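Predicted, not measured: the structure shown is a model, and the values here were computed from it. Every chain is numbered from 1 and lettered A, B, ... according to where its sequence line falls, protein lines coming before strand lines.
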Amino acid sequence: MSKEITSRAEDYSQWYNDLVIKGQLADYSAVRGCMVIKPYGFALWENMRDALDKMFKDTGHVNAYFPLFIPKSFLSKEAAHVEGFAKECAVVTHYRLKNDPNGGGIIVDPDAKLEEELIVRPTSETIIWNTYKDWIQSYRDLPLLINQWANVVRWEMRTRLFLRTAEFLWQEGHTAHATKEEAIEETKKMLDVYADFVENWMALPVIKGIKTESERFAGAEDTYCIEALMQDGKALQAGTSHFLGQNFAKAFDVKFSNKENQLDYVWATSWGVSTRLVGALVMAHSDDQGLILPPRIAPWQVVIVPIYKGEEQKAMIDVKAKELIASLKDKGIRVKYDDNDNARPGWKFAEYEMKGVPVRITLGARDLENNLAEIARRDTKEKKSISMDGLPEQISDLLEEIQQNMFNRAKHYRDEHITPADTWEQFEKLLDEKTGFISAHWDGTAETEEAIKDKTKATIRCIPLANKQETGKCILSGKDSVQRVLFARAY
RNA sequence: CGGGACGUAGCGCAGCCCGGUAGCGCACUUGCAUGGGGUGCAAGGGGUCGCUAGUUCGAAUCUAGUCGUCCCGACCA
C-alpha cells in the first residue's frame, strides 16, 4: 500500500521520517530546512504547549512577547553568547523590494539597505535583557518571571523534521532575581517542571543533570538538562534550564537597589523546550505500524469506527454512538467519530493506528444486538469486547492505564540501557553493540571529553543531579575521577 | 561545506543505456456491488518529463550548465 512504513530494523531514520509524514504531523516545505506543521501535528503541539503553559503560570510566570528582530550590536554584547550563535544566524540587510529595471522580476532594492542589520532571533536573551534594563530599578521589581512562546531561527546545515529545523517553535523563560541562590533555585525549579511534564504528560522518562563546560549554553554559568533515550539507543536532550549568573546583567547593565540601597547586578535564568519534543515523542514510543501517542496529549484519545451495512444499520449505530460520544465528552475525553462512508473500516483501523490514537472503539450491528463494543488499545494492540454499560468509566480508566504503561515501557527500556563501563574496550563495545547511556568515569577535562567524542562520536550527556560520588579512573586517560558521568551518542 | 542519490500526474515509481511526442500503482470523479483489519468490478479526468541552453528533421531520453530536495558526514537544541 501507499502508506507502508519502513521498519525500525531496516532504516531507523527513514522509519522516523515515514511516521512524521504519514502520521500527518508535518510536511517538508518549499523552504529549505523549514517544515510545515500540519493540523494533526499542531494539535499535538498545542496540547503540549497548553499543559506547559499552565505549569508555568502555576509557578508564578507570566507570558509576554518580544521582537523577532534583534539589532546586530545586541548580540555581540555578551562574548560567549555571540560566539555560540554567530555561525547560524539569519540576517536582515534590506527593507524593500522593487521591480528589476532590467525586467528580471523582483529584486532587493539596493537603496533600501539597513543602517544596522537585524538578526532573526536564534534566542532572545539579548533583546530581553536590553528591555529588562528599563524595567528593573529596585529589589521590589524582582523577581521578574517572564515566558514567551515564539519562533526562532537557527541556520542549520542539516535538518530533520521536528528534531532540527531552521525555524522552530518553542518557549523561552527569562527571569531576573535579586540573589544568586534564588536564581539557581529557579533554574532547578524549571528543570523539575520540564521533567514533570515530559514524564507525566509525554510518558517519557528523563534523567536530570548538568552539562559539562563544552556542552553548556553560550553565555550560561551552568546548564541543566533533561536527557531522554530513543528506541535506537541514542540520547536526546529534551529541555534545558540555564543559570546565567550576572553575565547578561553585566552585558546590558541591569542593576537594582537592594534593601540596603546598594546597587548590584541582577541574577538571571533562561529555560526552554521546543517542537523538538514532538520528535522525541515519536521516536520514543512508536512502532512499525505507526505513531503511539500518550493519552494525555493525544489530539484524539478515542476514535469510534462504525461498522454497518446500509442506511438502516448506520442510523441505529449513529444513535448509540452519539450517546457514547456525549458521555465520553462529559468525562473530558477527546473523541472522534469517523463515520466517513468513503473509507472501509479496515482502512480506518490502519489509519488511526498510523496516527497513534490510544483507543479505538468499534461499533457494529452485531455489537448493538449484544450491548457490546469492541475496544482496541494502540499501545499493546489488544482487542476485546466489553459491555456498553459503564463503558465511559472503563475507557477513562483504560486511557490512564495506557499512559502508565507507555511510561513504564519506556522507563524499562531506558533503565536497561544505562550500563557502567570500566575499561575503554568495554566502553566502545557497549556504545556500538548495546547503545544507550554508558556510565563511566571521566577526568573532568574538556580535552578528554573531546578526545572521546572524536574516537566514538559519544558525548557526555550530563552529570546526573545528586550523582553518587565514587573514586575511580577515567575511562580514557586513566587519571583520577570522583564520579561517573553519562555518555551516549545523541541527536 | 565534503560524499552519495534523486527531480516524469496530488503521492510513489517505470521509461532514458539503444532519440520518434509518455506509462504503471495509489489517490481523484461516476456507477453498481461490498462493509468486523488498508474492498471488488466497470467507465472516466489529470503531466509544456525541475529549469536554461546546445546537438538533431525530431529530446523525458544525448551534452553542458543551473536550481532544488533527500540521505550520510563535520556543526548544533
Side-chain angles (χ1 to χ4, degrees), chain A residues 1-6 11-14 16-18 21-22 27-35 83-89 122-123 152-172 194 211 214-218 220 223 225-228 235-242 270-280 289-290 305-311 313-314 317 339-354 360-370 372-376 381 383 385 453-454 457 459 461 490-491:
Chain A
M1 294 308 299
S2 62
K3 286 227 169 176
E4 256 171 38
I5 298 172
T6 307
D11 184 343
Y12 191 86
S13 289
Q14 193 54 47
Y16 173 79
N17 288 337
D18 284 355
I21 300 290
K22 291 172 181 169
D27 243 333
Y28 294 107
S29 74
V31 187
R32 184 195 188 95
C34 296
M35 65 175 171
E83 200 182 322
F85 286 104
K87 298 187 298 293
E88 50 189 31
C89 285
T123 179
V152 287
V153 168
R154 296 180 189 175
W155 211 263
E156 298 290 349
M157 288 301 187
R158 215 180 133 223
T159 57
R160 292 197 66 190
L161 295 165
F162 286 113
L163 295 176
R164 190 178 300 108
T165 47
E167 180 192 13
F168 57 93
L169 305 183
W170 78 343
Q171 58 69 217
E172 45 182 325
Y194 286 154
K211 288 290 189 189
S214 56
E215 296 276 327
R216 189 180 294 159
F217 173 73
T223 288
C225 63
I226 48 173
E227 292 284 328
L236 185 144
Q237 178 176 302
T240 50
S241 183
H242 315 290
S270 70
W271 26 274
V273 296
S274 71
T275 37
R276 187 178 219 211
L277 285 177
V278 176
Q289 275 68 52
V305 177
I307 296 177
Y308 53 89
K309 285 183 207 177
E311 287 303 314
Q313 284 191 359
K314 171 70 166 49
I317 291 168
D339 64 345
N340 179 359
D341 193 42
N342 294 328
R344 304 286 82 66
W347 190 92
K348 291 176 185 175
F349 295 169
E351 182 67 13
Y352 292 109
E353 268 161 26
M354 177 86 73
R360 182 186 74 228
I361 300 177
T362 310
L363 220 48
R366 226 157 61 200
D367 299 307
L368 253 52
E369 284 173 25
N370 302 308
L372 291 173
E374 183 193 76
I375 60 174
K381 301 219 193 65
K383 284 197 289 196
S385 285
K453 186 179 175 184
D454 287 345
K457 289 176 190 148
T459 50
R461 299 320 302 158
Y491 280 97

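Using modelled atom types and a 3.5 Å distance limit, the side chains of A:R216 and A:S214 yield no donor-acceptor pair.
Rounded to whole angstrom, the span from the CH2 atom of A:W347 across to the P atom of B:G40 amounts to 15 Å. Regarding A:Y308, its OH atom lies at a distance of 14 Å from the P atom of B:U34, rounded to whole Å. Between the CD atom of A:E351 and the P atom of B:C11 there is a distance of 18 Å, rounded to whole Å. Distance, A:M354 CE to B:C26 P: 17 Å, rounded to whole Å. In this structure, CD1 of A:I5 is placed 16 Å from P of B:G38, rounded to the nearest angstrom. As a whole-Å value, the separation of A:I21 CD1 from B:A27 P is 20 Å. Residue A:I361 contributes atom CD1, which lies 15 Å from atom C1' of B:G36 at whole-angstrom precision. A:L163 places its CG atom 14 Å from the P atom of B:C70, with the value rounded to the nearest Å.
No hydrogens or angles were tested; on distance alone, nothing pairs the side chain of A:K348 with the base of B:G35 as donor and acceptor under 3.5 Å. Evaluation of atom-type donor-acceptor distances gives a pair under 3.5 Å for the side chain of A:R360 against the base of B:G37. The base of B:C76 lies outside donor-acceptor range of the side chain of A:R154, with no N or O pair under 3.5 Å.
Nucleic acid contact class of A:E374 (heavy atoms, under 4.0 Å, all strands): base. At the heavy-atom level, A:T240 lies nowhere under 4.0 Å from the strands shown. If you check every strand for non-hydrogen atoms under 4.0 Å, A:K383 touches a base. Counting any heavy atom pair closer than 4.0 Å across all strands shown, A:L236 reaches no nucleic acid atom. Using a 4.0 Å heavy-atom criterion, one finds that A:T165 contacts the bases of the nucleic acid, with or without backbone contacts as well. Counting non-hydrogen atoms under 4.0 angstrom, A:D367 reaches a base of the nucleic acid. Counting non-hydrogen atoms under 4.0 angstrom, A:A238 reaches nothing in the nucleic acid. Counting non-hydrogen atoms under 4.0 angstrom, A:Q237 reaches the backbone sugars and phosphates but no base. Across all strands, A:K457 comes closer than 4.0 Å only to sugar-phosphate atoms, never to a base (heavy-atom distances). A:D454 comes within 4.0 angstrom of nothing in the nucleic acid, heavy atoms only.
Shown here, B:G2 forms a base pair with B:C72; the pair counts as Watson-Crick or G-U wobble because both key distances fall under 3.5 Å. B:A9 is unpaired under the criterion used here, namely a Watson-Crick or G-U wobble arrangement in which both key atom distances are under 3.5 Å. For B:U39, the paired nucleotide is B:A33, the pair qualifying as Watson-Crick or G-U wobble because both relevant distances are below 3.5 Å. Within the shown strands, B:C57 is the pairing partner of B:G20 under the Watson-Crick or G-U definition, both distances less than 3.5 Å.
Closest approach to the A:P345 side chain among B:G38, B:G35, B:C76 is made by B:G35 (side chain taken as heavy atoms from C-beta onward). Set against B:C76, B:A77, B:C71, the side chain of A:R276 has B:A77 as its closest nucleotide. Here B:A77 is the nucleotide among B:C70, B:C75, B:A77 with the atom lying nearest to any side-chain atom of A:F168. Closest contact between the side chain of A:R344 and the listed nucleotides B:G37, B:U39, B:C76 involves B:U39.
B:C70 and B:C13 have their C1' atoms separated by 16 Å, with the value rounded to a whole Å.
An OP1 or OP2 oxygen of B:A27 is reached within less than 4.0 angstrom by no side-chain nitrogen or oxygen of A:N342.
Side-chain N or O atoms of A:E351 include none that pairs as donor or acceptor with a backbone N or O of A:W347 at under 3.5 Å.
No side-chain heavy atom of A:D339 sits under 4.5 Å from any side-chain heavy atom of A:Y308.
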